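Heads up, the thing below is written out as structure tokens.
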Amino acid sequence: MSVDTQFHTPVYNAVAYPGGGFLRSLKRAPGRRSRAGAAVFGPTPPSAGGEPARPEPPRVSELRRLLGWFIRVRWLFVCGLVLAVVVAVNVFGIALAVGKTLAVAVVIASYNVVFAAYHRYQRRTSPDPAGGAIEAGLQIGLDLVALTVLLHFMGGGTSPLVCLYLIHANAGVMFLPRRAALLIGAGAFGLFLSLVVPEWGAVVPSDALTAVSAVAGAQAPFRAVLALSLLVTMSASMAITSTIVRGLRTRERQLEEALTSLSEKQMQLVQTEKHASLGRLVAGIAHEINNPIQFIHGNMGLLSEAFGDVLPILDAEAGRRPDLRLARLDYPFFRKQVPVLLKDLSDGADRIGIIVRELRAYARQDEGRLDQHVDLAAVIRAATRLLHNRLKHYRVDQDLDPALPAMQGNAAQLQQVVVNALENALQALPGDGSGHIAVRAHPARGGKTIEFTVEDNGCGIAPEHRDLIFDPFFTTRQASGGTGLGLAIIDEIVKQHRGRIEVESEVGQGTIFRFLLPVKGAGAA
């Protein structure tokens with residue numbers, strides 16, 4: 001059976017249903033990815049509680065924006081570093097390795113120029129998620145190496161610039177996934193140790209610690225406390241930043257999914273209003289057609305009676321005139337066929353009247369009440385009459401149990417279930433005239449349930465689509481105008497009637513939709 005799930009009628013006003021309605025039941029199928037949460041490094045595996053096991057990395061656009069901000073901050077740092085060196089030497093008379101410090105500043109500025117040019121190039125091309133991650137790791141890594149060298153020339157492990165290790169470790173949490181951020185943090189602490197340990201062993205000079213060195217045995221505890229403090233501070237700040245980023249990303253994902261859901265609901269409301277307008281138009285046309293049909297039907301009775309009265313006169317005239325012709329027809333043929341024509345006209349008028357009444361009933365807005373006594377067999381027959389013009393091209397078998405019990409529900413909604421199920425079957429049938437549809441209804445479970453099935457020998461449903469066919473807006477016929485609402489509406493109506501749907505399908509062989517509806521709406525099928 002085709003899974004084009006067109007919305008075929010305006011009857012179903014889901015908002016009116018008690019207990020929530022179709023609009024509030026829109027939900028994403030299990031296993032389907034949200035369009036709103038696409039991240040740089042792919043999906044985040046969920047934890048047992050349904051939340052991501054780790055904070056999602058930023059999307060490509062966000063990562064590019066953060067990297068651009070990081071490049072601008074680096075320019076400010078280079079300018080501040082040069083200014084600090086000039087002020088420290090010329091104003092405060094602090095002895096610094098000015099040449100070496102400025103050389104580090106030149107190196108930082110040089111690779112920042114490269115990053116800025118690459119960043120500008122990336123903005124003109126399609127963003128590459130992997131390239132953004134590599135660039136982020138490279139920027140932070142080079143900064144940490146440059147910072148370690150700079151600290152050696154500006155006071156060693158006791159320099160206030162040590163706080164920049166914390167900034168870069170937290171930047172790694174914001175820019176990169178958790179594992180990469182942990183590597184950045186471990187690398188930052190390792191670089192700090194590579195600076196402090198040689199100073200501790202007097203491998204490199206450390207003028208900043210001369211005051212501490214005057215106290216016997218003070219250097220080792222001081223350096224150990226310094227390293228431990230940095231480790232604890234870095235771990236705590238990374239944990240806090242990670243928690244904040246995770247919360248922000250989770251909230252962002254929830255908001256984007258809510259926006260997507262609202263957009264889908266807006267589309268459904270537009271479709272509902274469009275088809276409601278169509279329903280009002282159909283009802284109006286049906287009303288206009290009903291008047292001339294009543295006029296034709298009434299006059300057909302008068303014409304039939306008049307023809308019966310005038311027939312003896314025509315017979316007598318034909319006895320005197322063997323060559324009598326009426327309406328260019330020989331009288332014997334005319335006498336035989338005109339009563340048949342009059343009966344056909346009367347039957348046709350009756351049929352049009354029935355169709356008009358059913359269209360008016362079908363297009364009538366209902367209040368969603370589920371306490372009507374419904375003859376499902378009559379509902380099925382009415383639905384097949386509505387689709388007669390399409391069903392007549394195929395073989396259609398009906399097997400409706402005469403002992404089918406009346407059920408509690410809503411006749412208009414159940415008629416929509418039948419119409420949409422038949423439409424779906426029709427869309428799946430081959431175009432060579434070999435299509436076959438079987439409609440069956442019989443009691444089940446000792447008369448407590450009605451089992452209604454629609455079977456076709458069409459194209460079937462692909463296995464990968466089997467779990468998606470009842471999702472709103474899912475359709476395999478989008479190119480030909482499918483909206484993906486027909487089966488979703490069927491599913492919601494059946495749920496409102498406390499029933500369930502079973503689907504059996506094989507590609508190329510056909511599909512069976514089995515509807516199990518409780519006779520009393522309070523029970524479950």
Side-chain angles (χ1 to χ4, degrees), residues 1-8 25 27 29-32 376-377 379-381 383-384 387 390-391 394-401 404 407 409 413-477 482 484-519 523-525:
M1 182 174 285
S2 165
V3 290
D4 164 59
T5 49
Q6 287 269 21
F7 186 43
H8 299 293
S25 71
K27 57 184 180 297
R32 294 183 67 187
L376 188 60
V379 168
I380 295 171
R381 284 191 287 267
T384 53
L387 296 175
R390 296 184 61 189
L391 292 172
Y394 305 98
R395 182 164 66 91
V396 180
D397 297 331
Q398 281 193 24
D399 179 15
L400 308 180
D401 194 320
L404 205 63
M407 64 172 292
Q413 295 169 15
L414 291 172
Q415 187 173 353
Q416 183 164 8
V417 169
V418 180
V419 168
N420 283 16
L422 290 174
E423 283 276 10
N424 208 58
L426 284 167
Q427 292 159 7
L429 295 179
D432 57 5
S434 62
H436 172 224
I437 296 177
V439 181
R440 303 182 181 90
H442 58 83
R445 292 178 55 190
K448 296 181 180 180
T449 301
I450 296 177
E451 183 176 312
F452 161 57
T453 62
V454 177
E455 180 178 357
D456 67 75
N457 64 338
C459 59
I461 303 173
E464 61 270 21
H465 296 156
R466 199 74 55 83
D467 295 332
L468 307 176
I469 58 175
F470 294 114
D471 285 2
F473 307 105
F474 174 78
T475 177
T476 58
R477 295 185 63 252
L485 290 174
L487 288 180
I489 290 173
I490 285 178
D491 184 51
E492 182 63 22
I493 292 177
V494 171
K495 287 178 180 177
Q496 291 286 342
H497 285 77
R498 310 296 185 187
R500 72 175 189 269
I501 306 174
E502 297 176 354
V503 182
E504 300 176 16
S505 183
E506 186 175 347
V507 176
Q509 300 299 317
T511 302
I512 301 175
F513 273 81
R514 182 176 294 105
F515 303 88
L516 301 172
L517 300 167
V519 172

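Hydrogens, waters and symmetry mates play no part in the numbers below; they use all other heavy atoms, side chains included. From a predicted model like this one, the values you see are computed outputs, not experimental measurements.
Taking OG1 of Thr449 as the start and CZ of Arg500 as the end, the distance is 8.0 Å to the nearest 0.5 Å. Residue Gln398 holds its CD atom at 7.5 Å from CZ of Arg381, rounded to the nearest 0.5 Å. For the atom pair CG (Asp401) and CG (Leu376), the distance works out to 11.5 Å, reported to the nearest 0.5 Å. Rounding to the nearest 0.5 Å gives a distance of 11.5 Å between CG of Leu487 and CD of Glu423. In this structure, CD in Gln415 is found 9.5 Å from OG1 in Thr384, a value given to the nearest 0.5 Å. One finds the OG1 atom of Thr511 at 8.5 Å from the CG atom of Asn424 (value rounded to the nearest 0.5 Å).
Relative ring orientation between Phe452 and Phe515 is described as parallel, the plane-to-plane angle staying below 30° on a 0-90° scale split at 30° and 60°.
Nearest heavy-atom pair, Ser505 versus Ile461, reported as atom, atom and distance to 0.1 Å: OG-N, 2.8 Å. Smallest separation of non-hydrogen atoms from Val454 and Ala425: CG1-CB, 4.2 Å. Closest approach of His497 and Leu517 over heavy atoms only: CB-CD2, 4.3 Å. Closest approach of Ile437 and Leu426 over heavy atoms only: CD1-CD2, 3.9 Å. Across all non-hydrogen atoms, the minimal contact from Val519 to Gly447 is CG2-O, 3.1 Å. When all heavy atoms of Ile380 and Ala441 are compared, the pair lying nearest together is CD1-CB, 4.0 Å.
Checking each of Ile469, Asp456, Leu422 against Phe513 for a side-chain contact (heavy atoms from CB on, under 4.5 Å) leaves exactly one that passes, namely Ile469.
Annotation: side chain of Pro443 is in contact with side chain of Leu404 (closest heavy-atom distance under 4.5 Å). Here the side chains of Arg445 and Leu516 are not in contact, with every heavy-atom distance at 4.5 Å or above. Contact of the Asp491 side chain with the Val494 side chain is not registered, since no non-hydrogen atoms from C-beta on lie closer than 4.5 Å. The shortest side-chain heavy-atom distance between Leu429 and Asn457 falls under the 4.5 Å cut-off. With a 4.5 Å cut-off on side-chain heavy atoms, Arg440 and Asp397 do not count as touching. Side-chain contact between Val417 and Val379 is absent, with no heavy atoms from C-beta onward closer than 4.5 Å.
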